[in-house]
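Report on the following structure.
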Amino acid sequence: MYLIKKSDVLRLAEELGKTHDLYGPFMEPATKQAMFERVGKAADIDLAAPIPALPPKHALLPHYEKILAYSYDKKTQKVDLAPIYDDRPKALFGVRPCDLTGILCLDRFFLGQEFLDEVYKYHRKNLFIVSQTCVAPFKQCFCVCCDGGPAASEGYDLNLTDLGDTYLVEAGSEKGKKLAEAMGLAAADAKHQAEKTRRIDKCITLFDSVATDNKAWISRVMNRVTTGFIDEAVWEYIGNQCFECGACSFVCPTCSCFNIVDLPRKNGGAHESDRVRTWDSCSYEGYTREAGGHNPRKPVEDRRNKRFFCKLSYSQSKKYLRPGCVGCGRCQWVCPGDIGLPNVVTYIRREIHS
Amino acid sequence: MSYKPGVCTFCGTGCAHLLKTDNGSVDGVFPVQNHPVSRGRLCVRGWNIHELLNTPERITTPLVKKDGALVPASYDEAIGVLVKGLADRKANAAEEIAVLASPRSSNEENYLLTRLARSVWGTNNITLDSDSGHRNSLDVLAAGTGMAGMTGSLEELRSCEYVLVAGIDITKQNPIIGSEIHYAVRSGATLVTVDSRKTQIARLSTSFLQARPGSNKIVYAAMAKILIEENLVDFDFLKKHNDGFEGFANSLGALRDEDISAKTGVSMDAIRAAARGLAAAKSAMVFFSSGISGLDADTISYIYNLFLIAGKVGRPGCGVNPIAGINNLQGGYDMGVAPDLLSGFRPITDAKAASAVSAAWGAPISAKPGRGVHELLESGASKLTALIVVDHDEGIVRHAERIKTIPFVAYIGAYKNPFMEYATVVLPIATYIEDDCTFTNTERRVQLSKKKADAPSGVLPGWKLLSAIAEKSGSKWSYASSAAVMDEIAKITPTYAGISHAKLEGTFGMQWPCDAKNPKGTARLSIEASKTFTFAPVSGSFEVPKPTGDFPSLLMIGKAQHFWHQNNIMRKTSIPLREYNTTLLLYPDGYVDITADEAKAAGVRDGWPVNVVSAKGSMRVQARVTDEVGPGAAYVPYFIQEMISEFLLENVDILKLGEDATIPVRIEKV
Ligand code: SF4
Ligand code: SF4
Ligand code: SF4
C-alpha cells in the first residue's frame, strides 16, 4: 500500500505511457460525454469524469478489428494466412470497478473455456490495469446489487482510492508493485486502509439518494431465470419492446458475442482478403439463425430470454464465477425499448409477486 | 481520442454518433448522450455504420466508357467527357437533359447540383430519387401552414400527451423516433396506431385500429367527423387561425356513419375513443411515412385537417409530422431539388426569388418548371438523351431497360453499384466523413458533420467536383470550401438565412427557419408566427378497394418498410444486411403474409408454396402465417424484388400509388 498526492496521480499514467498505449477516462470536448479511450498524453485523463459511456472492453475486443490477412496465389495455388495479433502493451488507467469486473468475465469467457481465443489472448497479454474505487455512485449505477463494485477486489495491477488530498495506491500484482516502488511512492498504513473502507461504506450509503435510475435485485430473480419458470407473457411483454438494435450487448462490459466476416482487402489485389471480427448481439435475429435452417430462437422474446439467461442464470454464473451483470447500468441508458436489465429484473419480480 | 462526433446518415432521424477513425479506417461507432433527439441511442443501422464506411467497394478513380468497357481516366478527361456530352445537347436541354439527385447527398452538394442543372446545363429536369411521398407531405403542409416541413419538434415528443401513428412502421423505418414515441407512452401518453398491419408500434399502442387495406383514410375522416358532431372542435383556435373549416366539414357529409365500420373493419367505438382522446389531450402529434412511397396527398390532407380542427397545430407539444426515411430527403427539398422549386421550397415561377437566385449565380435560369425524371423515364414520348445520376438507390432500377437506350449516362457517386454499368462516364466523390457538410433531418434540424478522414487518394469532395465541372463548362465558381457554399445558400434562402457552418459547429444543429427573427432556429411551428392555417382541399371520396369473389383478399405491397432491404448501401454492410435478410433464410422464395384462417382455407401451412393470383398475373412465394395482417388482407414485402418483380410490373399502376394501395388477389395452394 502506497500513497500519492492527488496532484501527482497522473504521473503514474505518464510513467505507464512511456511503455504502453495509454487509455483512460476523459470528457469528449464537443459532445461533453465521458469516454474511455486511448489518450494522447497522461494529462488528457480526467479521473473525476463520470462513468464513461463506453466500457474499456473495446481495448480487448474492438468493435471492428482485422484479425487475419490472407491471399491466394492463383498460379502456385498457395494460400498465405497471416494472423494479425495485437500485443501492444496497453495501460488502462482509472478503470471503474464494474468495468474491471467486466474484463474478468471476458477473461473467463475467452481464456477460461475449452477454446482459447488467440486474438483476445494477445490483446490481454501486455495489459496493465489501474482501477479506481468509486467513492460516490452515478445515477444509473447498481453495482451493489450484483457485486460489481463500488470497489475492486481483484484483477488490477494497481488500484487507486481517492482519500481527499491523496490517493491510496494498492498493488495487486508484481508488475504493479514494481511500478509503485520505482516511482518511490510513500508507504500507506492501516489508518489509510481504514479510511478507504470508510469511503466505500459512505459510497454504498449514497446509492439510495444518488443512484436513483436503477435498482435490480438480481438475486431474487436468478433462481427464476435458471429454472425457466417465467411466464411466457412476461417475455412477450419484454420482447415486444425490443428494437433489436444490439446496443445492450455493445455497451455491456461482459458481453462477448462477435461476428466474423471475410472482406476483399481495401486497395488489395483480386485474391487478397481480410478477416474481420466485429461486435455482434444475441438480440439480432440473424445472429442465431442458420442458413436454410430453422432458427432455434426465432421470436424476439426468445432472444431476449437468451440475453437475460446469460446475465442472470446460475449455469452462466458458473462460467463467469459471478453473475453476468456487473451493474454498470449502461444497457438501460442505450436501450430504445427501455428494457435494460434493471427493468427486466423488475418485470420478472413483478411476476413472482403476482 | 479517436472518437469524433458526427451525424448518422442512414435515415432522416439524424442521430448523433461518435466515429472511431484511425489511420483511414473507421473502427467503431458510439452514440452521443447529449443529442436532443437520439439521446445516447442508435438503431441497428447506426450501430454498424462503420461497416459501410469501411467497404472496399468504393469508386476510387474516374471511369470512361471505351469500346463498351469502363476504363480508368483522369478527372480532367472524365469531366471533359461529361461537359462535352451535355454541351452537345444544350440547345435542347430542357427536353434532352435530366438529373436524378440523391436524398443522401449533403445540402451543399445538392444545392450545387441544382446550380449546375439550372444555370450551366440549362435544364430544370431535376428530381430527388425516391421522392414522391415527401413531396406530397410538403405540398400539403406548405399550403396549409407556410412551413414546408414537419411542423412539430422531436424534442417535445416526450411531453406530448397523445400520439397518432398513421400507418408508419416507425420502429423499423426511423427506430429512434419510434423509441421517443415509446418513451412518451411509458410516461403516460396515449398512443393510437392506425394501420392495416400489426407492426411493433401497433403492439406497443394504447389502442390499435387495424383498418382494412386501402381504408386508412376513412378512419382519419371519421375521427374528424366525430369531433365535429360531438362538438369537440377547438372553435377558439379555429376562429383565430383557420381558413376553410366549413368546406371541410361539409365534405365529411359524404361519409355515412353506417359505412365507416363496414369499410374499415374498425368499430365505431374504437374510432370514437380515438377521436375523443385527441380532442381531450393538451398536446398531440401525428407521424406518417414520407418518401419512397409514403401516403397519397388526399390521406395526408385528411390527417392535417383532423389535427387542425382538434387545435393541434402550432402549439407546444403538437405537430403534423411526415417522417423522412432517408437522411437528407428534407434537405434535398430545402435546396430546391425538384423540377419546379428553388431553395427554401419557393416555386421557380416566383419571379422575385428567381431573380435573386440568378443574380447570385450570375446566370439566367428558366422560369418554366421542368419535368420529373421518373416521369421522363416512363414516358415513351420523352426526348431524353442524357441522364446524370448521383448516388442512386434502387428506385430507378425498374427503368433499367429504358436507361440502357439513353445515349449519354453519367454517374456521380462514392460507392460502386450495378448502375455504373449503364454509364458513359463515372465520377467518384468523397463520402460524408471525408469533408465538412450539412444534412437536414426530418424535423428540419440542420446538422454539421465535420471531416474525419481523408478521401481515397485524389478523390474530390462533391462541392469541388461540381465546381470543376462548372469551370470546364465555362462558368467559374469561386467557393473556397463547403462552408462557403452554405454561406451562399443562406444568402438566397430565407429559411436558411441564419445558418452557417461556423454557427453550427459545436452544436447539435439548428432547425429552420433560422433567420434574423429566429437566430437560434425554430423548433416548432408556432401559432404566433403563422397567423392563419388553411384547411387542405380534400377529395370527399371514400371509395375503398373491393375484393371480388375471384380475388377475395387485398394484397398490400410493403415499400417504405422494406426499403432498407434492397438498398444499395445496405448491401455493403455485413450485420445490417444479414438482419434485413434473415426472413429470407426461412422463406427463400419470398413470402406473402396471410392469417391463420386464410392459410387454413387455402389448405397450406407456414412455409408452404402458394400462388398469389391477381387479375393480371400471378407469382409463386411461400406462405408466412402471421397475426400481422387482418382477415381478408395479405402482404408482400417489396424487397424481394427479384422474385416478384414480374408480378409487380404487371400491376405497376398500383406501385405508383401510396402505401395504402392494394391489389385484389386470391391465395392458392401449389
Ligand atoms: S447487463 Fe447492463 S447493467 Fe449489467 S453489466 Fe451489462 S450493460 Fe451493465
Ligand atoms: S438495447 Fe434494448 S432494444 Fe436494443 S437490442 Fe438491447 S434490449 Fe433490444
Ligand atoms: S434511427 Fe436513423 S439516424 Fe438514428 S441510428 Fe438509426 S439509421 Fe441512424
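Labels below follow one simple rule: chain letters A, B, ... track the order of the sequence lines, proteins then strands, and each chain is numbered from 1.
When B:Pro576, B:Gly46, B:Gly607, B:Ser574 are compared by the number of non-hydrogen pairs under 4.5 Å with chain A, B:Ser574 comes out ahead. When each of B:Gly506, B:Pro175, B:Pro456 is checked for heavy-atom pairs under 4.5 Å with chain A, B:Pro175 comes out on top. Contact tally against chain B (heavy-atom pairs below 4.5 Å) for A:Pro264, A:Pro62, A:Ala30: the top residue is A:Pro264.
Here the side chain of B:Gln33 pairs no donor or acceptor atom with the backbone of A:Thr31 at under 3.5 angstrom. For B:Glu579 (side chain) and A:Gly286 (main-chain N/O), a donor-acceptor pair under 3.5 Å exists by modelled atom type. A donor-acceptor pair is defined here as one N or O able to donate and one able to accept, closer than 3.5 Å; such a pair exists between the side chain of B:Asn34 and the backbone of A:Lys32. Not a single donor-acceptor pair under 3.5 Å links the side chain of A:Gln33 to the backbone N or O of B:Gly40.
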Let me have the donor-acceptor pairs involving side chains of residues 246-257 of chain A, under 3.5 Å, with sequence neighbours excluded, atom names and distances please.
{"from": "A:Ser249", "atom 1": "OG", "to": "A:Ser281", "atom 2": "OG", "distance (Å)": "2.8"}
{"from": "A:Thr254", "atom 1": "OG1", "to": "A:Lys311", "atom 2": "NZ", "distance (Å)": "2.8"}
{"from": "A:Thr254", "atom 1": "OG1", "to": "A:Gly324", "atom 2": "O", "distance (Å)": "2.7"}

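Using bins of under 30°, 30° to 60° and over 60° for the plane-to-plane angle, the ring pair A:His58/B:Tyr3 lands in the perpendicular bin. Using bins of under 30°, 30° to 60° and over 60° for the plane-to-plane angle, the ring pair B:Trp47/A:Trp279 lands in the tilted bin.
Within a 6.0 Å sphere centred on NZ of B:Lys451, heavy atoms belonging to other residues, nucleotides or ligands number more than 12. By the neighbour-count criterion of 12 heavy atoms within 6.0 Å, atom NZ of A:Lys215 is densely surrounded, having more than that number from other residues, nucleotides or ligands. Annotation: A:Arg88, atom CZ; neighbour count of heavy atoms from other residues, nucleotides and ligands within 6.0 Å is above 12.
Annotation: ring-ring contact (aromatic ring centres under 6.0 Å, His included) contacts of A:Tyr347 (sequence neighbours excluded): A:Tyr237.
Both the backbone and the side chain of A:Gln241 come within contact range of chain B, with heavy atoms under 4.5 Å apart. Interface remark: B:Arg186 contributes side-chain atoms only to the contact with chain A (heavy atom separation under 4.5 Å). Looking at B:Ile176, only its side chain comes within 4.5 Å of chain A, counting heavy atoms on both sides. Only the side chain of B:Leu18 comes within contact range of chain A, with heavy atoms under 4.5 Å apart. The contact between B:Asn54 and chain A is made by backbone and side chain atoms together, counting heavy-atom distances below 4.5 Å. Within the 4.5 angstrom heavy-atom criterion, only backbone atoms of B:Thr55 (N, CA, C, O) approach chain A. The parts of A:Asp338 that come within reach of chain B are both its backbone and its side chain, each placing non-hydrogen atoms under 4.5 angstrom from that chain. With a 4.5 Å cut-off on non-hydrogen atoms, B:Val26 touches chain A through its backbone but not through its side chain. For chain B, the nearby part of A:Val261 is the side chain; its heavy atoms alone come within less than 4.5 Å.
Between B:Ser2 and A:Arg38, every side-chain heavy-atom pair lies at or beyond the 4.5 Å cut-off.
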After noting the C-alpha distance and the side-chain angles of B:His50 and A:His63, does the key distance pass the side chain to side chain contact (heavy atoms under 4.5 Å, CB included) rule?
CA-CA 9 Å; B:His50 52 292; A:His63 198 165; 3.3 Å; yes

Mind running side chain to side chain contact (heavy atoms under 4.5 Å, CB included) on A:Phe243 and B:Gln200 for me, showing each step along the way?
CA-CA 9 Å; A:Phe243 284 54; B:Gln200 183 178 21; 4.2 Å; yes

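Atom OH of A:Tyr64 and atom CG of B:Leu53 lie 10.0 Å apart (nearest 0.5 Å). Considering CG of A:Asp280 and CZ of B:Arg578, their distance stands at 4.0 Å, rounded to 0.5 Å.
The shortest non-hydrogen separation linking B:Leu204 to A:Asn240 is CD2-O, 3.6 Å.
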